[in-house]
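Keep in mind that this is a model prediction, so the values were computed, not measured. So that the names make sense, note that chain A is the first sequence line, chain B the second, and so on, each numbered from 1.
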Number of protein chains: 2
Amino acid sequence: MDTRSLHFFLQLSDNLHFGRTSELCHISPSALSRSIKQLEESLGVQLLERDNRSVRLTHQGQLLQNYARDLLQQWDSFRESLLEGAHELQGEISIYCSVTASYSFLHDILSLFRREHPGIEIVLHTGDPAPGIARVLAGKEDITIAARPEKLPQSLAFRRITVSPLVFISSLSDISQQPCSATSKEWAEIPMIMSEEGPIRDHLNQWFSDIDTTPNIYAQVAGHEAIVSMVSLGFGIGVVPKIVLDNSPLKDKVSIMSNTPKLPSYDVGFCTLNKRLKSPIIKAFWSQL
Amino acid sequence: MDTRSLHFFLQLSDNLHFGRTSELCHISPSALSRSIKQLEESLGVQLLERDNRSVRLTHQGQLLQNYARDLLQQWDSFRESLLEGAHELQGEISIYCSVTASYSFLHDILSLFRREHPGIEIVLHTGDPAPGIARVLAGKEDITIAARPEKLPQSLAFRRITVSPLVFISSLSDISQQPCSATSKEWAEIPMIMSEEGPIRDHLNQWFSDIDTTPNIYAQVAGHEAIVSMVSLGFGIGVVPKIVLDNSPLKDKVSIMSNTPKLPSYDVGFCTLNKRLKSPIIKAFWSQL
DNA sequence: TGCAAATATATCATTTTACGCAACATGGGG
DNA sequence: CCCCATGTTGCGTAAAATGATATATTTGCA
């Protein structure tokens with residue numbers, strides 16, 4: 001079945017005359033005759049009774065006439081609706097980031113993006129940013145906000161948002177602690193609240209390894225916000241990007257410790273697969289940054 | 001648009017893999033690729049985002065996926081319904097005859113035909129049988145019950161039902177009249193109820209012409225039943241097939257006159273166009289007679 | 001960084017299909 | 001009985017689809 005044959009049939013069923021119909025359809029009478037014949041064969045029923053003098057619809061022909069009229073009209077309007085929707089970008093974009101990131105960076109960007117592309121639905125997942133890049137690599141998310149890893153896989157595009165220093169935090173009651181002057185032995189005693197994974201955890205592991213010490217890990221948690229929360233309750237000290245602290249409702253319950261070990265800064269930005277940038281939707285988002 | 005392309009697209013949109021899809025569809029990968037590309041061009045929108053490693057549906061592709069699934073399914077079920085209906089004859093057959101004929105001959109024939117072919121709708125028009133043959137010739141009716149004309153047009157098929165003599169009738173109060181013995185002058189006085197047209201009228205015209213007399217036409221009516229009615233009211237004498245009288249509720253109100261002029265008998269039967277007999281519906285009816 | 005594998009697409013020769021022209025068949029009307 | 005109208009079929013050509021191969025590009029891995 002193709003729409004052309006149906007158009008021919010419809011035209012023919014209206015004026016019941018092969019000659020006139022073939023002119024109206026801009027084909028030869030023979031082509032029309034064959035097209036109708038083929039339609040009849042493909043359906044397995046006779047659509048028209050014809051002799052050399054007259055053409056008339058069979059019952060099945062009348063059924064097809066009604067059906068084809070509807071079908072063609074609906075197909076046309078569907079096609080139009082597709083074209084209308086094509087003028088603006090439509091689809092879905094999924095973003096994975098921490099709660100902090102969604103508060104601090106994302107709000108303005110998303111509201112602007114939403115205004116520019118109202119047809120794109122934004123699916124926002126928040127959680128521990130540590131597995132964000134893995135999720136992007138696995139194709140589970142289009143975009144994540146994450147710290148730039150030491151060696152960025154070639155398949156990833158990274159656009160920095162800001163650089164935030166890592167700070168050691170402790171609860172206000174522990175403010176007297178002076179880790180800087182602490183010995184390795186003392187470090188081994190200090191209870192730590194650590195991420196389960198991610199670059200900060202890697203840095204800390206490295207640093208402890210450098211001073212040949214095994215950290216006393218009080219708790220492993222997922223998400224920077226959880227670290228702040230645990231620290232504020234006095235369970236230990238933790239390391240988070242300063243920007244997390246700035247956006248935390250608990251920032252008055254913890255304090256930044258001074259004279260702490262130097263850790264690399266947290267290079268935070270958007271991250272997506274290079275190949276996904278070919279998608280107009282992702283490209284639109286990326287180019288707006 | 002043709003269903004083949006839509007099938008390809010549907011299969012592809014399900015497994016999002018050109019290679020596997022081409023195998024499932026029993027075509028080469030290149031043919032599949034071209035078919036999809038062509039579909040996209042005909043719609044004017046991109047349906048799939050593809051790179052060398054992955055294929056994914058665009059928003060428009062998802063819309064088409066849903067639409068095409070419905071369309072193909074509906075088309076299939078429509079096709080099936082056509083085929084189901086094709087096993088029995090379906091359509092319409094129009095019959096034109098007098099009220100008398102519908103009472104006397106038609107009832108049994110139609111009830112049998114209806115039982116044999118419940119899919120055929122019977123459209124019955126009753127009226128003066130005189131124009132019946134003209135209506136058939138003009139294509140307004142499929143079949144008529146009419147008197148066989150003197151010379152049957154070659155395009156007509158005729159199947160006799162019965163032969164009924166023409167009888168002169170008068171009202172009971174006029175029973176004393178003796179037209180047989182009447183002179184031409186007296187015939188010119190007798191009020192006649194005549195059909196407007198038709199073979200009986202032709203016969204009477206001929207007979208009056210033969211005796212060189214102009215009839216005194218009291219009323220021209222359409223339909224044999226109307227003649228009986230007028231005659232029963234005493235407006236004049238009329239000529240009708242005896243079978244009309246036999247079926248008339250007024251048969252006790254009129255009497256058959258004796259010793260009337262000899263007129264040819266009324267040769268009544270079914271009549272249709274020869275070429276219409278090629279139509280399975282008409283043929284089914286005809287062969288049942 | 002380079003190589004191998006995977007995959008969609010471009011190219012081209014071949015096959016299939018569609019098309020138009022002309023001839024044919026058939027039935028109606030003068 | 002001839003002529004016209006009309007749908008259908010044969011046939012040669014043109015167009016389109018197809019499949020095999022080559023190509024480009026990217027990914028994954030060493």
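Taking 3.5 Å as the limit, the base of dC19(C) and the side chain of Ser30(A) contain no donor-acceptor pair of atoms between them. Taking only distance into account, the side chain of Arg34(A) meets the base of dG20(C) through a donor-acceptor pair shorter than 3.5 Å.
The pair Glu49(B)-Lys283(A) does not count as a salt bridge, with every side-chain nitrogen at least 4.0 angstrom from each carboxylate oxygen.
The minimum heavy-atom distance linking Leu124(B) with Cys97(B) is given by the pair CD1-SG, 4.0 Å. The two residues Phe9(B) and Ile36(B) have their closest heavy-atom pair at CA-CD1, 3.8 Å.
Along DNA chain D, the nucleotide nearest to Lys275(A) and the one nearest to Val55(A) differ in position, and the one closer to the 5' end is contacted by Val55(A). Taking for each of Pro29(B) and Asp51(A) the nucleotide of DNA chain C with the nearest heavy atom, the 5'-most of the two is the partner of Pro29(B). Place Ser28(B) and Phe18(A) on DNA chain D by their nearest nucleotides, and Phe18(A) ends up nearer the 5' end.
Atom CD1 of Ile27(B) and atom C1' of dA8(C) are 14 Å apart (whole Å). Residue Arg20(B) contributes atom CZ, which lies 12 Å from atom C1' of dA6(C) at whole-angstrom precision. Atom pair Leu273(B):CG and dG27(C):P shows a separation of 13 Å (rounding to whole Å applied). The CG atom of Leu32(B) sits 14 Å away from the P atom of dT7(C) (whole-angstrom rounding). Counting to the nearest Å, the P atom of dT9(C) and the CG atom of Leu39(B) are 13 Å from each other. dC19(C) atom P lies 12 Å from atom CD1 of Ile36(A), rounded to whole Å.
Within the 4.0 Å cut-off from OP1 or OP2 of dA8(C), not a single side-chain nitrogen or oxygen of Lys278(A) is found.
For DNA chain D, the contact window with chain A, defined by any atom under 4.0 Å from a protein heavy atom, covers dA5(D) to dT27(D) in 5' to 3' order.
Residue Gln154(B) is classed as having no contact, given no heavy-atom separation below 4.0 Å to the nucleic acid.
Donor-acceptor pairing under 3.5 Å is recorded for the side chains of Asn15(A) and Thr21(A).
Residues meeting the ring pair (Phe, Tyr, Trp, His ring centres under 6.0 Å) test with Trp75(A), sequence neighbours left out: Phe78(A), Tyr67(B).
Open room surrounds CZ on Arg160(B); 12 or fewer heavy atoms of other groups in view lie less than 6.0 Å from it.
Here the side chain of Arg50(B) is nearest to one of dT9(C), dC21(C), dA10(C), namely dT9(C).
In this structure, Arg159(B) forms no cation-pi arrangement with Phe270(B), as its terminal cationic atom is not both closer than 6.0 Å to the ring centre and no more than 45° off the ring axis.
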